[in-house]
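What follows is one structure encoded as structure tokens, with my remarks underneath.
Below, all heavy atoms of this structure are taken into account, side chains as well, without hydrogens, waters or symmetry copies. Please read all numbers here as calculations on a predicted model, not as lab measurements. In what follows, chains carry the letters A, B, and so on, assigned in the order in which the sequence lines appear, proteins first and then strands, with residues in each chain numbered from 1.
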Protein chains: 2
Amino acid sequence: MKKLTLKDVAKQLGVSTATISNAFNRPDQLSANKRTEILEACKEIGYTGPNRAAQILRKGQSNIVALVLADSLDYMVTDPVANTFIQGVSRVLRENQKHLLLYAGDSDTITDVVDFVDGFICYGAPRNGALSTQLNQQSKPVVTVDFNLENRPAINIDNEKASYEIAKAALRPGDRAAILGLRLIDSPSTCRIYDSPLLDAESSITHRRLDGYCRALKETGIEVATDWIWNLPENAGMYAVQAAREVLQSSPRPDVILCMSDIIALELLQCALTMGIDIPGELRITGFDGIEEAARTRPYMATVCQSSVEKGMEAAKLLLSGDNTSMSLPYEIKLGETI
Amino acid sequence: MKKLTLKDVAKQLGVSTATISNAFNRPDQLSANKRTEILEACKEIGYTGPNRAAQILRKGQSNIVALVLADSLDYMVTDPVANTFIQGVSRVLRENQKHLLLYAGDSDTITDVVDFVDGFICYGAPRNGALSTQLNQQSKPVVTVDFNLENRPAINIDNEKASYEIAKAALRPGDRAAILGLRLIDSPSTCRIYDSPLLDAESSITHRRLDGYCRALKETGIEVATDWIWNLPENAGMYAVQAAREVLQSSPRPDVILCMSDIIALELLQCALTMGIDIPGELRITGFDGIEEAARTRPYMATVCQSSVEKGMEAAKLLLSGDNTSMSLPYEIKLGETI
DNA sequence: CTGTTAGCGCGTTCAT
DNA sequence: ATGAACGCGCTAACAG
């Protein structure tokens, strides 16, 4: 039993193909009676509507939105922040009958999908920089999140200010402070940054966070040497544990450790507790993001709560609206029990 | 500047459209020389290859695989188990140059994508049962995971046996035991199951887990009344907290609580610790799944570790291979520190 | 309100 | 090894 085509159906019902097509796509083009009559006949013979592949070609519209993630799906999908973002995106897409295609930021090219997708949401600078260029050269709508692309609308939070504020809340004059950073330099492993050349220092949000920390440190009269700034290549527990061990074994130990994500901060917290270090008495810790797990774990983490769900929703709305206006989203400092 | 079509390019290069097409798709159809010559010319004039939308229609192949999740994306994407599964799927898809479309299990229909997608991976019984029927009626390959569809290959673990084993490890004769279950009955809120009609008792994996628990309980000579079996509508912290409070406030309190997921078990653990209950001295807890967070939180949760990454990878491989052979994956009992 | 027709952009036979 | 021609299944414009 071959799949029915619109033409087959038209022949069977003794009307023209256009009428069938209109019955499905343009109700105003035929009488309500005829329409329901046709639709019912179709249901009976098992025709569920025009072939989507053909529609995509013909209309140039697929109702598919590509979400370009910063890195391989493999990695991104385990990141709770990214997931919460996806959650927001998918909520709005569903309301608008759009579908979600996940696209890896370490792909070679976007040509695999650019021809049929309706638009792109780009979450973080793609690991493969060429994608940014390609995205900007093609004509479909693009919304960027947590980074910027020339002439394309963007959604951000003020990472510098947020980091400044959480650091200010944690720091006391005379503190020894360390920083556990994320993707600050181009290294595949956990390490101190020393004098390594910075990675995307202009555009990356983690460098904005570093700027904020540094401003707070300076204001508090604290200096942090580059061997007390760690770099993690990814926001994953494995790297966090490595960095946590290194920093906790420093002697003298820091009084405060500023972490660029909650995942990092939580691993650090567990390591510290296991070593019998009193939090926050002997060591204060701050995170970043405000993930659910941080709210589930005691003591509650001091962190910057950004609503990734909101971010995702706004990104999707922005894309679908076709507007070209960038926006900055609010955040909230949560003092928690770790500072 | 309009987008170049294959026809444009053929005209510009003074060859036929077939030759351009062959240069991209069928290297054996023309000389290597001519081929590289054409490919380079294309690169120069900015033609990146045949339009994908047209290719999809013509070839009936899109390189897109739909992952049908059990529920709305909105919800699924926050579930760590589902995410780990997606991770596995995406790893294999990437190796095979396929792309991933996430599809919600509470959608009305699959007609939006069935015409152009290459196949379906179905992770858990879709909340909208009609999708199962539709999936089975269409002709593209389908692989099911954690549930079964007639004549389609499936991937499972032995939930009954795993649950039996973890329960056996936790239970002592004379225990008072409670169960925090997942989707056992059709209720939108946290509640005890009492005599409510069971939901999908035949096919659902959570009922298999219940079966396993019950077998272990019976063997140990323990009875559990239906007012000590809770039902959570979703695997989310919110519901888990509600159930945790109810069960911990029971008097007398249970000695063991068997939880059908780690998320539930972890929330319960936090509640119990907050109430000053000694774990495992006064209360033993078991989880299910073996999520990362459970390995990050002290005391370590006793749980059933199933490798969701493996599951995802196997599902994707199975789909791409076209095989029709179902498989059962191994699991591992982790005793942890909570029993 | 209905039917006819010309593509959307391409892949593939078939003949050369 | 190459080019002409047909059709994948549909929609939009137009004519009636």
Expressed as a whole number of angstroms, how long is the span from A:Glu37:CD to C:dT2:C1'?
14 Å
Could you check whether A:Asp106 and A:Asn128, counting side-chain N and O atoms only, form a donor-acceptor pair closer than 3.5 Å?
no
Going from CE on A:Met76 to CG on B:Asn83, what distance comes out if it is rounded to the nearest 0.5 angstrom?
11.0 Å
Using 30° and 60° as the class boundaries, would you call the ring planes of A:Tyr103 and B:His99 parallel, tilted or perpendicular?
parallel
So, OP1 or OP2 of D:dT2: does either fall under 4.0 Å of a side-chain N or O from B:Asn22?
no
Can you tell me how far P of D:dC10 sits from NZ of A:Lys59, to the nearest Å?
12 Å
Check whether B:Asp118 reaches the backbone of B:Asn63 with its side chain - one donor and one acceptor, N or O, closer than 3.5 Å.
yes
Do B:Thr84 side-chain atoms and B:Pro80 backbone N/O form a donor-acceptor pair below 3.5 Å?
yes
Looking at C:dT2, C:dC10, D:dC10, which one has an atom nearest to any side-chain atom of A:Leu6?
D:dC10
Between B:Gln87 and B:Val309 (side chain of the first, backbone of the second, donor and acceptor by atom type, cut-off under 3.5 Å), is there such a pair?
no
In degrees, rounded to 10°, what is the bend between the two ends of the helix from C:dC1-D:dG16 to C:dT16-D:dA1, using five pairs at each?
40°
Check whether A:Asp8 reaches the backbone of A:Thr5 with its side chain - one donor and one acceptor, N or O, closer than 3.5 Å.
yes
Take the protein atom CZ of B:Phe116 and the nucleotide atom P of C:dC8, then report the distance between them rounded to whole Å.
22 Å
Near-strand residues of residues 10-21 of chain A, defined as heavy-atom separation under 4.0 angstrom from DNA chain C
A:Val15, A:Ser16, A:Ala18, A:Thr19
Side-chain atoms of B:Leu30 come closest, of D:dG9, C:dT12, D:dT2, to D:dT2
Separation of B:Asn51 atom CG from C:dG11 atom P, in whole Å?
9 Å
Rounded off to whole Å, could you give me the OH-to-P distance for the A:Tyr47 and D:dG9 pair?
10 Å
Determine the contact category for B:Asn25: base if any of its heavy atoms lies under 4.0 Å from a base atom, sugar-phosphate if only primed atoms, P, OP1 or OP2 are that close, otherwise nothing.
sugar-phosphate
Would you please say whether a donor-acceptor pair under 3.5 Å links the side chains of B:Ser203 and B:Asp200?
no
Assign each of B:Arg58 and A:Arg26 to its nearest nucleotide of DNA chain D by heavy atoms, then name whichever residue's nucleotide is nearer the 5' end.
B:Arg58
So how far is it from B:Thr19 OG1 to B:Phe24 CZ, rounded to the nearest 0.5 Å?
12.5 Å
Return the value, rounded to whole Å, for the distance between atom CD1 of B:Ile56 and atom P of C:dG11.
12 Å
Could you state the CG-P distance from B:Leu57 to C:dC10, rounded to the nearest angstrom?
12 Å
For the pair made of CG in A:Asp28 and C1' in C:dT2, what is the distance, rounded to whole Å?
14 Å
If you compare every side-chain N and O of B:Gln55 against the phosphate oxygens of C:dG9 (OP1, OP2), does one of them come in below 4.0 Å?
no
